[in-house]
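A short write-up of the structure that comes next.
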Amino acid sequence: MSATLQLPQLDTTQPLIVQGDEEQLYRMIANLVMNAIQYTPRGGDVVIRLNQDKKYALVEVRDTGIGIPAEQQAHVFTRFYRVNRDRNRKTGGSGLGLAIASAIALKHQGKITVQSQVGQGSTFILSLPLATV
Ligand SMILES: Nc1ncnc2c1ncn2[C@@H]1O[C@H](COP(=O)(O)OP(=O)(O)O)[C@@H](O)[C@H]1O
Ligand SMILES: [Mg+2]
């Protein structure tokens, strides 16, 4: 691991409660955080922020890593898809992490979106419906 991990930054003062399978929710966020660390060269940053809008808890995982070309961003959630296999050979992933994460999000009525610029970094935003308590 080479990136600096800043954990977590809270942009909300309220506890955010979501309902779901704890193990799956953990795995989903872990996959996003592991990617951020894996695809960020030494000296970079990984920041995790928690936020909310009206109905959703928002978990933002942002890195200053290698980024994802615009035309490939839609594909990274597909099973076994890896941006430029050569580029990723070192990291030895399976191309399943984001497919699993987005399937878990969908199962919890949520979703994951990505914004990224090559050489600048990537931001993955996970939104999950807030539990109505
Ligand atoms: N934070 C990130 N920064 C840059 N590229 C990423 C990031 N997260 C995912 N990717 C790209 O998306 C592809 C799919 O991610 P994932 O499903 O987790 O598979 P892998 O096992 O390759 O990590 C990765 O191979 C990588 O090219
Ligand atoms: Mg991965």
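In this chain, residues are counted from 1 in sequence order. Just so it is clear, the structure is predicted and the values come from calculations on it, not from any experiment. Note that ligands are numbered from 1 as they come in the structure, with each ligand's atoms numbered from 1 the same way.
Those atoms of ligand 1 with a heavy atom of Ser94 less than 4.0 angstrom away are 21 (O). Atoms of ligand 1 lying under 4.0 Å from at least one heavy atom of Tyr81, given by number and element, are 13 (C), 14 (C). Applying the 4.0 Å criterion to heavy atoms of Phe124 picks out, from ligand 1, the atoms 1 (N), 8 (N). Within ligand 1, the atoms closer than 4.0 Å to a non-hydrogen atom of Leu96 are 17 (O), 19 (O), numbered from 1 in the order shown. Below 4.0 Å from some heavy atom of Gly95 lie the following atoms of ligand 1, by number and element: 17 (O), 19 (O), 20 (P), 21 (O), 22 (O). Close approach of ligand 1 to Gly97 (heavy-atom distance below 4.0 Å) involves ligand atoms 16 (P), 17 (O), 18 (O).
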Trace of the side-chain contact (heavy atoms from CB on, under 4.5 Å) decision for His108 with Asp21:
CA-CA 9 Å; His108 291 81; Asp21 181 315; 4.0 Å; yes
Tyr56 vs Leu128, side-chain contact (heavy atoms from CB on, under 4.5 Å): CA-CA, chis, key distance, verdict:
CA-CA 5 Å; Tyr56 290 86; Leu128 287 174; 5.6 Å; no
Derivation and outcome, side-chain contact (heavy atoms from CB on, under 4.5 Å), residues Ile100 and Asn31
CA-CA 8 Å; Ile100 291 168; Asn31 284 355; 4.0 Å; yes
Evaluate the criterion side-chain contact (heavy atoms from CB on, under 4.5 Å) for residue pair Thr40 and Thr64; output intermediate values, then yes/no.
CA-CA 6 Å; Thr40 299; Thr64 59; 3.9 Å; yes
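Contacts between Leu98 and ligand 1 below 4.0 angstrom, taking non-hydrogen atoms only, involve backbone and side chain alike.
Following chains of ILVMFWY side-chain contacts shorter than 4.5 Å, one can reach Val33 starting from Met28, so the two form part of one hydrophobic cluster.
Counting heavy atoms only, Ile68 comes closest to atom 10 (N) of ligand 1 of the residues Val118, Ile68, Ile37, Thr123.
Ligand 1 is never approached by Phe77 to a heavy-atom distance shorter than 4.0 Å. Remark: distances from the non-hydrogen atoms of Gly67 to ligand 1 include one below 4.0 Å.
Atom CD of Glu71 is surrounded by more than 12 heavy atoms from other residues, nucleotides or ligands within 6.0 Å.
Across every non-hydrogen atom of Ser116 and Gly121, the tightest pair is OG-O, 3.0 Å.
Ser94 OG to Arg82 CZ: the interatomic distance, rounded to the nearest 0.5 Å, is 7.5 Å.
By the 30° and 60° cut-offs, the orientation of the rings of Phe124 relative to Phe77 is perpendicular.
Here the side chain of Thr123 pairs no donor or acceptor atom with the backbone of Arg62 at under 3.5 angstrom.
Residues Ile112 and Leu98 fail the side-chain proximity criterion, which asks for heavy atoms closer than 4.5 Å.
Any protein N/O/S atom under 2.8 Å from the Mg ion (ligand 2) was counted, giving 1 altogether.
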